[in-house]
2 protein chains.
Amino acid sequence: MVTTLTPSTQDYLEVILQLSNGDRAVRITDIAKSLNITKASATQAIDILIDEGLVLKEKYGPVTFTGKGELEATKVKKTHKIIREFLTKVLQVDLEIADKDACLIEHVISPQSIAGMVAFLEKGNYEISDDLNLQKALVLLYSDQEDKQ
Amino acid sequence: MVTTLTPSTQDYLEVILQLSNGDRAVRITDIAKSLNITKASATQAIDILIDEGLVLKEKYGPVTFTGKGELEATKVKKTHKIIREFLTKVLQVDLEIADKDACLIEHVISPQSIAGMVAFLEKGNYEISDDLNLQKALVLLYSDQEDKQ
DNA sequence: AAAATATGTTAGGCTTCCCTAACATATTTA
DNA sequence: TAAATATGTTAGGGAAGCCTAACATATTTT
């Protein structure tokens, strides 16, 4: 089964990895709080992750990863980190905004684009220039509505 | 009403703009074909766009933009173009993949990150270097699962 | 240990966005 | 112009992912 994980599933995995922090027991309540959803929704979602062989859980017990689940969670986390770093270091986006963008982009971006970011970051010789006038670019961005293609 | 447009709505606007190409009549059938959905789904979606004041349409007639709809469509298109150009020119992603990524990222990325891309592209002095070894980066990307944070 | 609180589950419902099937209208072709 | 085809609509349904309300179990506090 080559199940492609949905954005929702990836978010759950990411939060579980975050909360486990190596070894801590991960509870439904904590997952729900982290994702700003109800416990009922978390329970239901975790049932799906169990069906997909990504996590394990006994009734009323904590959530733990399977090998597959931990691998997937780590991939998502890594992708998130690359995007966040690229946005902050190369495009000089504020950390908070970069992190939110990464949260969403991580679910849809191609491996090739991620690879491009990695290669760019590793190259290292992008100068951190203050002539990236973001404020100006932002203001002008959608003001010239008439330009072509 | 400060309606935030959903990704789906933005996709419809983008396709309608594409199909209209200035002045051509845009038909439900063409929208459905472009988005790979059924005509029934297109009809239903267009009804929603009408409710939101983004397009106009009479029974059995063609779809046309309102001012608001055309403005929104143009914004989405512009965002798409910026992302695609950034991915191809700066990160050297293949055009086809860059275009697909742009299709998805355009719905979730912040104005600040877009502004960062614009500023970067306008700066123009990113060298188009062949030491962005994408293939290598791609292979290595998810292979070192044990590294921290 | 009984009561209070925290945690987890179940059932039923809602919205979005897609679907199929059946039907209605418009246009083209013979 | 009648038949065939293309186009558009309507009705009903389904999966995903959330919700509330009610209930069940576990844990903590008194």
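Model, not experiment: these values are computed from the prediction. Chain A is the first sequence line, chain B the second, and so forth, proteins listed ahead of strands; every chain is numbered from 1.
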Throw together a table of side-chain donor-acceptor distances under 3.5 angstrom for residues 35-42 of chain A, partners on residues two or more places apart or in other chains.
from  : atom 1 : to    : atom 2 : distance (Å)
A:T38 : OG1    : A:S41 : N      : 3.2
A:T38 : OG1    : A:S41 : OG     : 3.0

TODO: Take the protein atom CD1 of A:I37 and the nucleotide atom P of D:dA16, then report the distance between them rounded to whole Å.
DONE: 16 Å

Task: B:D101 backbone acceptor or donor facing B:R84 side chain under 3.5 Å - done: no

- [ ] Would you indicate what B:D11 reaches in the nucleic acid, counting non-hydrogen atoms under 4.0 angstrom: base, sugar-phosphate, or nothing?
- [x] nothing

Task: Distance in angstrom units between B:Q10 CD and C:dC17 C1', rounded - done: 15 Å

Task: Polar side-chain atom of A:S110 near backbone of A:S113 as donor-acceptor pair, under 3.5 Å - done: yes

- [ ] Identify whether any heavy atom of B:S8 sits under 4.0 Å from a base atom; if not, whether one sits that close to sugar-phosphate; answer base, sugar-phosphate or nothing.
- [x] sugar-phosphate

- [ ] Respond yes when some side-chain nitrogen or oxygen of A:Y12 is under 4.0 Å from OP1 or OP2 of D:dC18, and no when none is.
- [x] yes

- [ ] Nearest 0.5 Å please: distance from the OG1 atom of B:T9 over to the CD atom of B:E52.
- [x] 5.0 Å

Open item on the list: I'd like to know if the side chain of B:Q112 reaches the main chain of A:D94, judged simply by a donor and an acceptor atom lying under 3.5 Å from each other, with no hydrogens or angles considered.
Closed with: yes

Just the atom pairs and distances: protein N or O near nucleotides 5-11 of chain C's N or O, under 3.5 Å.
from  : atom 1 : to    : atom 2 : distance (Å)
C:dG8 : OP1    : A:R27 : NE     : 3.2
C:dG8 : OP1    : A:R27 : NH1    : 3.3
C:dG8 : OP1    : A:R27 : NH2    : 3.3
C:dG8 : OP2    : A:I28 : N      : 3.4
C:dG8 : OP2    : A:T29 : N      : 2.8
C:dG8 : OP2    : A:T29 : OG1    : 2.7
C:dG8 : N7     : A:K39 : NZ     : 2.9
C:dT9 : OP1    : A:K57 : NZ     : 2.3
C:dT9 : OP2    : A:T43 : OG1    : 3.2
C:dT9 : OP2    : A:K57 : NZ     : 3.4

Task: Contacts of A:D11 that satisfy side-chain hydrogen bond (donor to acceptor under 3.5 Å, both in side chains) - sequence neighbours left out - done: A:H107

